[in-house]
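Below is one structure, written out as structure tokens; comments come after it.
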Amino acid sequence: NKFNKLYTFMADSSKAMKLTRDDLRAIPEGETKTFALPDARACDSGKALAYQFQNLLGCKFSIRTDYSAKTLTITHKAL
């Protein structure tokens, strides 16, 4: 599905990591997942995707960006 692969990020030089809506759906309530991304711009894009998609899912995500480590940490919070 075209909409499930909104952004493709390189987690490292050996494999591509896809941040999809399915990845966000798969984070259980109360759980946290960290995504390794290639740069700050990818972190900002992933953050925007999560904040926009939370409205469609009817949930809340807490998102922390670590620009020096190039990671995006997303927690699925209870409403």
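Taking the side-chain hydrogen bond (donor to acceptor under 3.5 Å, both in side chains) definition, one finds that Asp39 meets it with nothing, sequence neighbours left out. Applying the side-chain contact (heavy atoms from CB on, under 4.5 Å) rule to Leu56 yields the partners Arg21, Phe53; only residues at least two apart in sequence or on another chain are considered. Partners of Ser62 by side-chain hydrogen bond (donor to acceptor under 3.5 Å, both in side chains), not counting sequence neighbours: none found. In this view, Thr71 satisfies the side-chain hydrogen bond (donor to acceptor under 3.5 Å, both in side chains) rule with no residue, not counting sequence neighbours. For Tyr51, the side-chain hydrogen bond (donor to acceptor under 3.5 Å, both in side chains) criterion is met by no residue, not counting sequence neighbours.
Pairs of residues two or more places apart, or lying in two chains, that qualify as ring-ring contact (aromatic ring centres under 6.0 Å, His included) and include a residue from residues 56-76 are Phe61-His76.
A salt bridge links Asp22 and Arg25; the closest N-O separation between the charged side-chain nitrogens and carboxylate oxygens is under 4.0 Å.
The minimum heavy-atom distance linking Ala42 with Pro38 is given by the pair CB-CD, 3.7 Å. Residues Thr65 and Cys43 approach most closely at CG2-CB, 3.7 Å, considering heavy atoms.
The local environment of NZ in Lys70 is sparse, with at most 12 non-hydrogen atoms from other residues, nucleotides or ligands closer than 6.0 Å.
Rounding to the nearest 0.5 angstrom, the gap separating the NZ atom in Lys77 from the CD atom in Glu31 is 14.0 Å. Annotation: the span from Leu24 atom CG to Leu49 atom CG amounts to 5.5 Å, rounded to 0.5 Å.
For the side chain to side chain contact (heavy atoms under 4.5 Å, CB included) with Lys33, the qualifying choice from Ile27, Ile74, Leu72 is Ile27, the only one to do so.
Residues Thr32 and Thr73 meet the side-chain proximity criterion, which asks for heavy atoms closer than 4.5 Å.
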